[in-house]
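Encoded as structure tokens, the structure appears first; notes follow it.
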2 protein chains.
Amino acid sequence: METASRRGGREARRSQRMAPKVDMLPTLKSGLPAVEPMSPEQVERIHQASMGILEEVGVVFRDPIALADWKRAGADVRDERVHLDRGLVMSLIGSIPSQITYHARNAEKNVELGGRNAIFVPMTGAPYMRDLEDERRAPTIADLGTFHKLAHMMPALHSSAHHIVEPMDIVVAHRHMHITYSSMRHSDKIFMGMTTSPKNAEDVLDMCAILFGADFLETHAVTTGNCNGNSPLVWDQVMLGAMRAFCRRNQPVLCSPFVLGGANTPASTAAAVAQLNAEALSALAYTQVVRKGCPAIYGHYLSTVSMQSGAPMAGTPEISLMNFMIGQMARHYNVPWRTSNLLGGSKVFDAQAGYESAMTMMAVLLSGANYIWHSAGWNEAGMHCSIAKFLVDSEVCAMGYRMAEGIKWDDFDEALQAVRDVGPGGHYLGHPHTQANFQNAFFIPKLFDNNSIEQWKADGSKDIKDRALKQAKKLLSEYEEPKLDPAKDEELRAFIDRRSREIPAVDALNDEF
Amino acid sequence: METASRRGGREARRSQRMAPKVDMLPTLKSGLPAVEPMSPEQVERIHQASMGILEEVGVVFRDPIALADWKRAGADVRDERVHLDRGLVMSLIGSIPSQITYHARNAEKNVELGGRNAIFVPMTGAPYMRDLEDERRAPTIADLGTFHKLAHMMPALHSSAHHIVEPMDIVVAHRHMHITYSSMRHSDKIFMGMTTSPKNAEDVLDMCAILFGADFLETHAVTTGNCNGNSPLVWDQVMLGAMRAFCRRNQPVLCSPFVLGGANTPASTAAAVAQLNAEALSALAYTQVVRKGCPAIYGHYLSTVSMQSGAPMAGTPEISLMNFMIGQMARHYNVPWRTSNLLGGSKVFDAQAGYESAMTMMAVLLSGANYIWHSAGWNEAGMHCSIAKFLVDSEVCAMGYRMAEGIKWDDFDEALQAVRDVGPGGHYLGHPHTQANFQNAFFIPKLFDNNSIEQWKADGSKDIKDRALKQAKKLLSEYEEPKLDPAKDEELRAFIDRRSREIPAVDALNDEF
């Protein structure tokens, strides 16, 4: 009996060791001061420049409803161009909540946003992927499911996002619903909501209402929409319509000027930030015209452009500087803000991708960003999502998370006692304080090989891409679906069926407004 | 005639375009605020802890001369253990210059150190290399020359350092002179001085005296020695003897505790920094016992140890945090400080190496470090120097340099005028401000590929390692030696010949004290 019991215990422990670890790191509470390269006078200089742009140059809202809204709100509207008085802008953005609590279907995975609170969200929007064999190919809805499973299992990712990769096997007009269902089904973390058209946004929000209840949405943030601006100084009808859909349901929307520094901004980091700031503020203000007090996030996609290729670059010094500056501006307005993380421009998962991604992440973490998007998988300037990079980026986010938490002082006196105990020329590995604290004191990445070259050769001379793909296969074999409530699952599937019958299955965006 | 003249002009321009660009970036003057995670109270807490260690635990100086020096200086010496009163330590380090001007044999390449002034120095000490074909092998003196040539040609590197790789074909006892000669000959930038023994240090300084003149050395810094501590809390005879040699000639020495966090420090970042700080201060103080007012640099080699392999890791969150903290301590004492940059633990030049290196560099730049060593080539935890990585790291240093310079405001008003000129929905590429400023406004790395995948395939589907090796071959084919003064060259060679006859050609360190 004793032997059997022992075996049972051993089996149980073994099975526990083998079980996939799906713990999520809680909301990152940054313990490091942000890098602030601008003096208060320089922050004011950017602010004044942005106010001047809003008042004198104006912003084009290519959307009759938005133009009518702005007129009612008291703006100076001339054709499509809205001239925004600084008093109006500042009064409007004053009602944006400075903090957001995001609710996941598993309440243990709720997260906070704003102030010192930050979350990591995977990349989205890749038309290609590099798969489990590192082959570059078009993704399917099954591949999207794979990424949602991995997002679910990576501790440092706080969201399963939405279309990490584009499911090319689903007709474009129905894609938004299948993407949303995949996010909801494969992970119980928060997720993003598609904004490919106003009507698509409504479908996504209807699905959220099924999952969480329509009343719950009215008072709780459960998803995030993104609306890209057309820099310089234009917001289009599709984005504004989707923005209104999110605002009306009280769901947060990222107001994201799409900046390619030097192409659609001046060739100056300071002036590019002044323009971006004006653009972001104009959309943030509009969210409050739509619904006063609804949550909204200061967004941007930020790159500089290679003169050689015209392509966006990643990890450049100016992107880092602009992140620092935008952080200062968003804090100046007391609005949560979004940036992009771990971006790579390489065609393969080589050292270039590593340098670019890590430079971006370090700047992003030290800029004090809140909604840290594109945190895993992004390479080839967003043209593909790599499974190998997705895993490594996620581990690098966990490293960044640990750094951003700051210094631990709780065991300082005990650790100093160890210095006295060990003394000159001694060893710490055997000291009780070391044994009690080693595991937590120093981060040990799993996918980074620090063995000797002899051991590394014995392990098959694998580079980090090989190790990451092996780990991805292992994780996927261990994945356990966090089951949806059967009644809600049924209702979601019925909704998709009904809407799929209603929406013509054309391979183009559903642009019925 | 006109045609010929035109052809001549065209030839001249072509030859100018083809000529290697060997401009060096001037001393980096950091325009970014350093990341300071400790409050003034926490800085004081580390200081008090270090003072307690120096007074109560003491530091072992395994060297009769140093022990005698300390007794004369008024320290409480018990056997080999020196207990240092805080008053004595603070009084001694008070005479360390806060700024150093380094003199190169080409005065245009002089650099400044201390305060906001920082320089990039290549890696040193690799027993293996990855060569122009990426083969891992033992290096020769010719290979060291190759690295010195590349260090000479990389704009962001301010020094040719010393033994970037170990020249294994030279007997150990004579190596220090051949290394020094290689640094002096292949580059006209500043260089480092070997400290493998006190006598070797004297040889190096004698060679410096030949190159610059003995009197010049008395009043000008021309090289840098490094003395590693044996953490915890031990300085050995070889290092202390070499340190004295440098101090007596008024040449700066790096006082570098060799920290493997968790192995030879407590498992606590804060306590590890308290110990490291005590160690560094004990050696810094000793430099002033040897020669009051001689330049000295707060050093360290800093890593955390993998529990799996016992190997030092790179780019970990705790290394970043400790760099931020050490920067605060060094500024607290108003002493220039050194750190290590762009460290990789990978066996190959893969994404791992890229992530690790870039995370390290970003933390280092934002910690406000002055002497930024190991800035190019380091991989496999320092076991090899990679030519490919040497080039890419150098370019990444140039990117980091640009970031650390901070924001440019000089053309802000002109750039804002461009926003007004271009207006909503316009393009900037054709605007005169863009054309005048694009090249300088946004950094465009040469070794990072941002082309489309189609163009990248047409270019041979090369990863960054391949591109860097190709570029290295091109640079080496264009290298032009910055000739030494023939008389000095003759004298240096004669010195090496004479000393080579005097020093037994054994394959072990020259440890004649």
Side-chain angles (χ1 to χ4, degrees), chain A residues 32 37 49 53 57 60 233-234 261-262 266-268 270-271 275 304 306-307 309 311 313 316-318 320-321 345 347-355 358-359 362 396 399 402-403 406-407 409 411-412 415-416 418-420 424-425 434 437-438 441-444 448 450-451 453 456 463-464, chain B residues 32 37 49 53 57 60 233-234 261-262 266-268 270-271 275 304 306-307 309 311 313 316-318 320-321 345 347-355 358-359 362 396 399 402-403 406-407 409 411-412 415-416 418-420 424-425 434 437-438 441-444 448 450-451 453 456 463-464:
Chain A
L32 291 181
I53 291 169
V57 183
V60 166
L233 300 165
V234 177
S268 145
Q275 177 189 303
T304 58
S306 165
M307 248 201 323
S309 62
M313 299 186 293
T316 65
E318 293 80 16
S320 297
L321 289 172
K347 268 48 73 183
V348 287
F349 191 30
D350 63 352
Q352 172 177 340
Y355 284 99
M359 282 191 279
M362 293 292 282
V396 171
M399 295 169 79
R402 176 72 72 89
M403 179 190 77
I407 304 158
W409 291 94
D411 66 337
F412 184 59
L416 280 182
V419 179
R420 289 162 205 274
T434 310
N437 291 284
F438 200 107
F442 301 117
F443 192 99
I444 300 173
F448 287 66
N450 288 291
N451 289 328
I453 191 151
W456 175 78
D463 71 9
I464 197 168
Chain B
L32 291 181
I53 291 168
V57 182
V60 166
L233 300 165
V234 177
S268 145
Q275 178 189 303
T304 59
S306 164
M307 246 202 322
S309 62
M313 299 186 293
T316 65
E318 293 80 16
S320 298
L321 289 172
K347 267 50 71 183
V348 287
F349 191 30
D350 63 351
Q352 172 177 338
Y355 284 98
M359 283 191 278
M362 292 293 281
V396 170
M399 295 170 80
R402 176 72 72 91
M403 179 189 78
I407 305 158
W409 291 93
D411 65 336
F412 184 59
L416 281 182
V419 178
R420 289 161 205 276
T434 310
N437 292 282
F438 200 108
F442 301 118
F443 191 99
I444 300 172
F448 287 66
N450 288 292
N451 289 330
I453 191 151
W456 175 78
D463 72 7
I464 197 168

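Note that the structure is a prediction, hence the values are computed from the model and not measured. A, B, ... follow the sequence lines: proteins, then strands. Residue 1 opens every chain.
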Kindly give the heavy-atom pair with the smallest separation between [X] and [Y], and that separation in Å.
X: A/A351; Y: B/F349; result: CB-CE1, 3.6 Å
X: A/S320; Y: B/M362; result: OG-CE, 3.9 Å
X: A/M403; Y: B/L321; result: O-CD2, 3.4 Å
X: A/P424; Y: B/V60; result: CB-CG2, 3.5 Å

Heavy-atom proximity to chain A below 4.5 Å, by part of B/L32: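 The answer is the side chain of B/L32.
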Side chain, backbone, both or neither of B/Q352 within contact of chain A (heavy atoms, under 4.5 Å):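 Both parts, backbone and side chain.
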Inter-residue atom distance A/S268.OG - B/F442.CZ, 0.5 Å rounding: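 One gets 7.0 Å once the value is rounded to the nearest 0.5 Å.
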Which residues share a side-chain hydrogen bond (donor to acceptor under 3.5 Å, both in side chains) with B/N437, sequence neighbours left out: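 Per chain and number, B/N437 pairs via side-chain hydrogen bond (donor to acceptor under 3.5 Å, both in side chains) with B/H433.
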By side-chain hydrogen bond (donor to acceptor under 3.5 Å, both in side chains) - contacts of A/T316 (at least two apart):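 Scan of A/T316 (side-chain hydrogen bond (donor to acceptor under 3.5 Å, both in side chains), adjacent residues dropped) gives A/T304.
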Against chain A, work out which of [options] has the most heavy-atom pairs shorter than 4.5 Å and name it.
options: B/V57, B/L416, B/I407; result: B/I407
options: B/G345, B/G262, B/A418, B/S306; result: B/G262
options: B/G425, B/G406, B/A49, B/A311; result: B/G425
options: B/D463, B/D350, B/I53; result: B/D350
options: B/N451, B/V234, B/V348; result: B/N451
options: B/F412, B/F443, B/W456; result: B/F412

Greatest number of heavy atom pairs closer than 4.5 Å to chain B - which of A/D411, A/V396, A/T434: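 Top count of heavy-atom pairs under 4.5 Å with chain B: A/V396.
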Leading residue by heavy atom contact count with chain B [cutoff under 4.5 Å; candidates A/M313, A/R402, A/Q275]: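 Of the options given, most contacts go to A/M313.
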Proximity breakdown for A/N450 and chain B, heavy-atom pairs closer than 4.5 Å: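 For A/N450, the contact with chain B is made by backbone and side chain together.
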Sub-4.5 Å side-chain heavy-atom contact between B/V419 and A/P266: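 The answer is yes, as the side chains (C-beta and beyond) meet within the 4.5 Å cut-off.
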